[in-house]
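Please read the structure below before turning to the comments.
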Number of protein chains: 2
Amino acid sequence: MDVPETGAPPTSELPGGRAQPKTDKSEATRALILETAMRLFQERGYEKTTMRAIAAEAGVSVGNAYYYFSAKEFLIQGFYDRMTYDHAADARLRMAGTRDFAERLEIALVSWLDTAAPYHEFSAQFFRTAADPNSSLSPFSNESHPARATAVALFREVLEGSELAPKLDAELVELLPDVLWLHLMVVVLYWVFDRTPDTERTREFVRRSTPVAARLINLSRYRVFRPIVRDAKGLIQDFILPTIGKTAVK
Amino acid sequence: MDVPETGAPPTSELPGGRAQPKTDKSEATRALILETAMRLFQERGYEKTTMRAIAAEAGVSVGNAYYYFSAKEFLIQGFYDRMTYDHAADARLRMAGTRDFAERLEIALVSWLDTAAPYHEFSAQFFRTAADPNSSLSPFSNESHPARATAVALFREVLEGSELAPKLDAELVELLPDVLWLHLMVVVLYWVFDRTPDTERTREFVRRSTPVAARLINLSRYRVFRPIVRDAKGLIQDFILPTIGKTAVK
DNA sequence: GCAAGGTTTTGAACGCGTTCGAAACCAGCG
DNA sequence: CGCTGGTTTCGAACGCGTTCAAAACCTTGC
């Protein structure tokens, strides 16, 4: 079995990142701008942070900021990439000693909530961006979104490191990582709208929903469910995976 | 049984609509601006249509447009309300003679696709707005969103007009309309990202997924599934409905 | 050392959404 | 009729994201 790349240290960029860094100094400027932006986003929120402020605070001109990030949106991207990378690392650590699938899944999701917690306030922006099919930042429409690849790889580990995986239909094991990633997206959706302190409600949602999900997957092994599992697999293969950029495996 | 209000003719407005119309002339101006905006949105798309253009085309000043719609966003709202209303009317007509649940559900969803078809190009905007938890336009976060009430009422009819409803657990019948509305939201999500001509892919998705959904609901009647159905009901009651503005029924 | 060509940086300028103080309009009342 | 208080309309002005032509800087080859 091939281990997919788990995501490079968050330096890579999409179209918005302009030409690849030619010099060290250039790379430094780029990093400086991103750091500054991230700090200001956290301090004042996304809308309130103006490009002029970022440039001023970083000690460069606005034009220069745009030289590295062709739109304000693309500053989000850097941020999001890094978070995904941190999440995967943290989740791997936390679930290292656990073999139970439901537990592993819950650990992975809770780890996401913890990693994302500091950014909950302006997470709405991430989400708005993700929801725009015209934006190349959207993890749904952009087939080569590095953050998605990283996350899907993580969920593959969640599954394959569990005692459940060997008992399952191989085809299903192939599909599940993407489905679990979608599950995370649902949790994220819930989280974004969650206004309870420490997003306690989302945490409870995760606690309650993971066992149900695990149970459902487990049930798929029994004969009675063959037909409905076949249908579900068909739906996923034909309609979900192609949309998020996997070509259907024949 | 009580028939919920199916949505007033799309005149009502949320906070962005400013004070209620005092005079006929005022109401006329308001309508003129909305009509003009909708026409231009369709002609050139949302981003390309500037407030200045809307005002000019409508023969009023920008300031005046803002007097009636406190932000460009709120013009979307009028649009969306009307579409939802049209959809409900059309779907009712189409499914009048059908009792089979799966068929009724498919009719309702296809009707939505047909109603929304002319606006597919700039639908991304609706969606972005809906995805913003801070916006009062979001059908998720805004508890009294008229469009959602209309749509949920429609799905209640989809279910209760079918031969399936009487056979189901009463509690489940109470929950399902909202779940079906969520199903529509998923379809909308899919549709927004769908780039195939005439959104053929989404249409196929609907054709394929409605029977599966119907089958799942139907299965819930059998004894074997009691525990998992109970779990699912719990999740919906405790985590989904409260979020979209229903107080849990004790 | 210098010219050529690329990379990086600059800041003024543009277009847009939005705001706001003031004008115009329109009752109803004395 | 004129005054008064509310409603409606106006358009200049503000702040922000973004663009762009030109400048500054930095190699590299001669």
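Residue numbers begin at 1 in each chain, while the letters A, B, ... track the order of the sequences. As the structure is a prediction and not an experimental result, all values here were calculated from the model.
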Rounded to the nearest Å, what distance is computed from the [atom1] atom of residue [X] to the [atom2] atom of nucleotide [N]?
X: L32(B); N: dT8(D); atom1: CG; atom2: P; answer: 15 Å
X: I76(B); N: dG17(C); atom1: CD1; atom2: C1'; answer: 13 Å
X: M51(B); N: dG17(C); atom1: CE; atom2: P; answer: 7 Å
X: I33(B); N: dG17(C); atom1: CD1; atom2: C1'; answer: 15 Å
X: Y46(B); N: dG17(C); atom1: OH; atom2: C1'; answer: 9 Å
X: K72(B); N: dC16(C); atom1: NZ; atom2: P; answer: 9 Å
X: N64(A); N: dA12(C); atom1: CG; atom2: C1'; answer: 16 Å
X: I54(A); N: dT18(D); atom1: CD1; atom2: P; answer: 10 Å

For T49(B) and for K25(B), find the nucleotide of DNA chain C with the closest heavy atom, then tell me which residue's nucleotide is more 5'.
->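 Between the two, 5'-proximity favours T49(B).
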
Look at D114(B) together with R94(B) and state whether they make a salt bridge at an N to O cut-off of under 4.0 Å.
->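 Salt bridge between D114(B) and R94(B), a charged N being under 4.0 Å from a carboxylate O: yes.
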
Hey, are R128(A) and D132(B) close enough for a salt bridge, meaning a charged N less than 4.0 Å from a carboxylate O?
->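 Yes, this pair counts.
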
OP1 or OP2 of [N] less than 4.0 angstrom from a side-chain nitrogen or oxygen of [X], does that happen here?
X: Y68(A); N: dT9(C); value: yes
X: T29(B); N: dT9(D); value: yes
X: Y67(A); N: dT9(C); value: no
X: S26(B); N: dT8(D); value: yes

Kindly say whether the aromatic ring centers of W112(A) and Y190(A) come within a distance under 6.0 Å.
->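 They do not qualify: ring centres at least 6.0 Å apart.
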
Y68(A) and F74(A): aromatic ring centres closer than 6.0 Å?
->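 Not close enough - the centres of the two rings lie 6.0 Å or further apart.
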
Does the pair T202(A) and D194(A) meet the rule for a side chain to side chain donor-acceptor pair (under 3.5 Å), with working shown?
-> CA-CA 7 Å; T202(A) 307; D194(A) 188 354; 2.6 Å; yes

Select one nucleotide: of dA12(D), dT9(C), dT9(D), the one nearest the side-chain heavy atoms of S61(B).
->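 The nucleotide sitting nearest to the side chain is dT9(D).
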
Kindly say whether, by distance alone, the side chain of R52(A) makes a donor-acceptor pair under 3.5 Å with the base of dG15(D)?
->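 Per atom types, no contact qualifies.
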
